[in-house]
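Note on naming: letters A, B, ... go to the chains in the order of the sequence lines (proteins, then strands), and numbering restarts at 1 for each one. We use all heavy atoms of the structure for the numbers below, so side chains are in, but hydrogens, waters and symmetry mates are not.
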There are 2 protein chains.
Amino acid sequence: MAFSKGPQAARITSTDVARAAGVSRATVSFVLNGTSTARISEETRSRVLAAADELGYVPHAAARSLRAGRSDLILLPAAVSATGRLFSDWVDDMETALGERGYTVVLHGNRSPDPVTAARAWAQLRPAAVLAMAPNSLTAEAVQVLAQAGTTAVLTIAPEPMPGVFTLLGDQSDIGRVAAEHLVSRGRRRIGVLMPTERGLSAFAEPRLAGIQRVATVHGATVTPLPMPYGGEAASALAVLCRELGLDAVFGYNDEYAALLSAALNDHGVDVPGQIAVVGADDLLLAQIVRPQLTSVRYRLPAADLIADTVDSLINRGTAEPLPSVWFEPVPRQSS
Amino acid sequence: MAFSKGPQAARITSTDVARAAGVSRATVSFVLNGTSTARISEETRSRVLAAADELGYVPHAAARSLRAGRSDLILLPAAVSATGRLFSDWVDDMETALGERGYTVVLHGNRSPDPVTAARAWAQLRPAAVLAMAPNSLTAEAVQVLAQAGTTAVLTIAPEPMPGVFTLLGDQSDIGRVAAEHLVSRGRRRIGVLMPTERGLSAFAEPRLAGIQRVATVHGATVTPLPMPYGGEAASALAVLCRELGLDAVFGYNDEYAALLSAALNDHGVDVPGQIAVVGADDLLLAQIVRPQLTSVRYRLPAADLIADTVDSLINRGTAEPLPSVWFEPVPRQSS
DNA sequence: ACACCCAGTTTACACGTGTTACCAGTGCTC
DNA sequence: GAGCACTGGTAACACGTGTAAACTGGGTGT
């Protein structure tokens, strides 16, 4: 890789600040970090602060965490496009809550389907914590990679506790279960399940399908997986297929996919919910906007502040109190 | 801040790899980075690789960039929740495109409204590039902070070129302009404009409003800003207000807000577009799902690959060819 | 005169890595 | 055997920072 730096502004380090204030670099560090073990006179203190401000000094996070052996970085691996509004609002709240506690939250779109490869990429940043909320994003080996990199706090959502990981109990398949129980209770027995073909979504879609299949088996209902790319034409084609297959209900994976199909069914003269019931998930605002209003499944995460405290505790004390599970509830509306 | 590290796995460094392979640390570095200036025998090469794999060695990005004086980090400041699907798809593509070029893309939700404070936070990470796509997220001073931190590539979208910044020409007010021209051409003269009250959105909303006002002034139309929180009740209240004010058109800021209002208008017996026309923006899939289908304004960014090449060139050569502007076009549908 | 303490500051080392010199050996030529 | 080129490798420094330990004067008690 050829590198010609080009014209470059002088990089300001704490040494420059020290020189400008006429003190040693250690003093600068003490002042800027408010180290209480060192006594600094008020006069030098203000001189250092003035010099730092004057020069526009900004500390070098990499050097700092290298020396300190810890970083204030918290990594949240998640592809932006693969998140619904509910989750991205939660991410926003987490950024605020953790920011208030002095951490720097950073999102990183995970390009590797293999947990160990992904973990290696995360580990390079030596984050203080990793919040791996996507299902199946961790394995035992991946956790070990993170531990060796000094990441003390690893958080995930999983159906069962993982060793070495703070596990928020919650099962994607419960979404399918709740949806299926709802549909069965309304007398539906021939259930189609939309399976999005977009990258990164199958980790969510597969368990939801499994949850539906378990309920269906008990009640003697049939389940038909229906692969579907995100888009209007695909939905239209699928609407025709649903009619031909004689389905009486479809679980849409998601409110967006469900609404897409619902609109397409309407366009083809299929009555929703008269002929085919449609159920989404995530309870997006979209579900309330479309007509017929969309029945959905909503999930609830523990409050961001609560989780932030947990992460903080994991980082500083290595342990934390358990949190309530993630739970799901049906939100019945017009489409079912 | 009290720190008790707790039980901690041994941290593996290149020194450990060197010891395990029976070579010096320099040799390890040469092998792992494929340095071509140093000649290494095939036999030691494989021994080093085996040792690194065996120990699960992961390089320390901070130490690496500290020593090298550059980092492969690219910072994309953006609140996840404040992005439409169009933009988040683009972010996804950028992560892929830049990842292929060897960079690590990282998103950071910007909690500070002040550009200089925000820039200082970004500068701590010493990123190779900053893609500040939100409007008004940069000032001259903020750019200087980044430059002093060694960030060679700064990219933004703005109406006019900024010195020291690679500016993608594009004006949010053009969205308002395009929407207003469309409405005026359909005979509308009393235009309401939704102004979302959510955090971070006013930077987008204000210029769009300004664009509408400019067009309105020319054609003798009136413009009424309508503050609105994201939600069904607010939309309902606003629907009533729109009727009382005798508006004949509303620009909804966004497809989501527009669809919300459109549904509320329908619920209150107001005919869309008969009595009030509604126009959104971003051309989300949502616009095609709702009935009446929503007229929207779509924007186009240069392809992610093109921008990634530009960023790469800015980092390595300090300069890059200009790119085509961001541009906007109306997408007429049933709601206007 | 000496020991001792205290406030205020500096010296010196460590963190993990990339890279520029430099070095040891071997074969080859004159 | 001296000189040289080449192969394969190592020693040592630098990056910017945090912090334990040492240092300096001046005061204070005995």
Novice: Output the rounded distance in Å from CG (B:Leu32) to P (C:dT19).
Specialist: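 Distance, rounded to whole Å: 13 Å.
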Novice: Have a look at the helix from C:dA1-D:dT30 to C:dC30-D:dG1 and give the angle its two end axes make, five pairs each, rounded to 10 degrees.
Specialist: 80°
Novice: With a non-hydrogen cut-off below 4.0 angstrom, is B:Arg39 in contact with a base, only sugar-phosphate, or nothing?
Specialist: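 Base, at least one base atom sits under 4.0 Å.
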Novice: Looking at A:Ile307, A:Thr104, A:Leu131, which hits side-chain contact (heavy atoms from CB on, under 4.5 Å) with A:Leu98?
Specialist: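 The option that passes is A:Leu131.
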Novice: OP1 or OP2 of C:dA14 sitting under 4.0 Å from any side-chain N/O of A:Arg67?
Specialist: no
Novice: With heavy-atom distances below 4.5 Å as the criterion, would you say the side chains of A:Asp305 and A:Asp93 are in contact?
Specialist: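 Result no, sub-4.5 Å side-chain heavy-atom pair not found.
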Novice: Do A:Arg25 side-chain and D:dG18 base share a donor-acceptor contact under 3.5 Å?
Specialist: yes
Novice: D:dG16 phosphate, OP1 or OP2: any side-chain N/O from A:Thr13 under 4.0 angstrom?
Specialist: no
Novice: Do the side chains of B:Ile157 and B:Pro135 get nearer than 4.5 Å, heavy atoms only?
Specialist: no
Novice: In this structure, how many angstroms lie between the C1' atom of D:dT19 and the CZ atom of A:Arg64, rounded?
Specialist: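 These atoms are roughly 13 Å apart.
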Novice: Salt bridge check, A:Arg64 against A:Asp72: does any charged N sit closer than 4.0 Å to a carboxylate O?
Specialist: no
Novice: From CZ of B:Arg11 over to P of C:dA14, roughly how many Å is that when rounded to an integer?
Specialist: 17 Å
Novice: Quick one: are A:Val105 and A:Met94 in side-chain contact, heavy atoms under 4.5 Å?
Specialist: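 They are not in side-chain contact.
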Novice: State whether B:Arg25 and B:Asp16 are salt-bridged, where the test is any N-O pair (Lys NZ or Arg NE/NH1/NH2 against Asp/Glu carboxylate O) under 4.0 Å.
Specialist: no
Novice: Report which part of the nucleic acid A:Ser29 touches: base, sugar-phosphate, or nothing (heavy-atom distance under 4.0 Å, all strands).
Specialist: base
Novice: Rounded to whole Å, how long is the line connecting atom CZ of A:Arg45 with atom C1' of C:dT9?
Specialist: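 About 16 Å, once rounded to whole Å.
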Novice: What's the NE2-P distance between A:His60 and C:dC15, to the nearest Å?
Specialist: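 Computing the A:His60:NE2 to C:dC15:P distance gives 19 Å.
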Novice: Below 4.0 angstrom from OP1 or OP2 of C:dT17, is there any side-chain N or O of B:Ser14?
Specialist: yes
Novice: Below 4.0 angstrom from OP1 or OP2 of C:dT10, is there any side-chain N or O of A:Thr27?
Specialist: yes
Novice: Have a look at A:Thr44 and say if it touches a base, only the backbone sugar-phosphate, or nothing, with a 4.0 Å heavy-atom cut-off.
Specialist: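 Counting heavy atoms under 4.0 Å across all strands, the contact made by A:Thr44 is with sugar-phosphate only.
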Novice: In terms of side-chain geometry, is the basic nitrogen of A:Asp312 or A:Arg317 positioned less than 4.0 Å from the acidic oxygen of its partner?
Specialist: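 Looking at A:Arg317 together with A:Asp312, the answer is no, because their closest N to O distance does not fall below 4.0 Å.
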Novice: Using a 4.5 Å cut-off on heavy atoms from C-beta on, say whether the side chain of A:Leu155 contacts that of A:Val165.
Specialist: no
Novice: In whole Å, what is the span from the CG atom of B:Leu66 to the C1' atom of C:dT19?
Specialist: 14 Å
Novice: Which whole-number value in Å describes the distance from B:Glu43 CD to D:dT7 P?
Specialist: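 Computing the B:Glu43:CD to D:dT7:P distance gives 18 Å.
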Novice: Could you pick out which residue, B:Ile40 or B:Arg126, lies toward the 5' side of DNA chain D when each is mapped onto its nearest nucleotide?
Specialist: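 Nearest nucleotide further toward 5': that of B:Ile40.
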Novice: Provide, to the nearest angstrom, the distance between the CZ atom belonging to B:Phe30 and the C1' atom belonging to C:dG16.
Specialist: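 So the CZ-C1' distance, B:Phe30 to C:dG16, works out to 16 Å.
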Novice: Taking only side-chain nitrogens and oxygens of A:Ser24, does any of them come within less than 4.0 Å of OP1 or OP2 of C:dT11?
Specialist: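 No, A:Ser24 has no side-chain N/O under 4.0 Å of OP1/OP2 on C:dT11.
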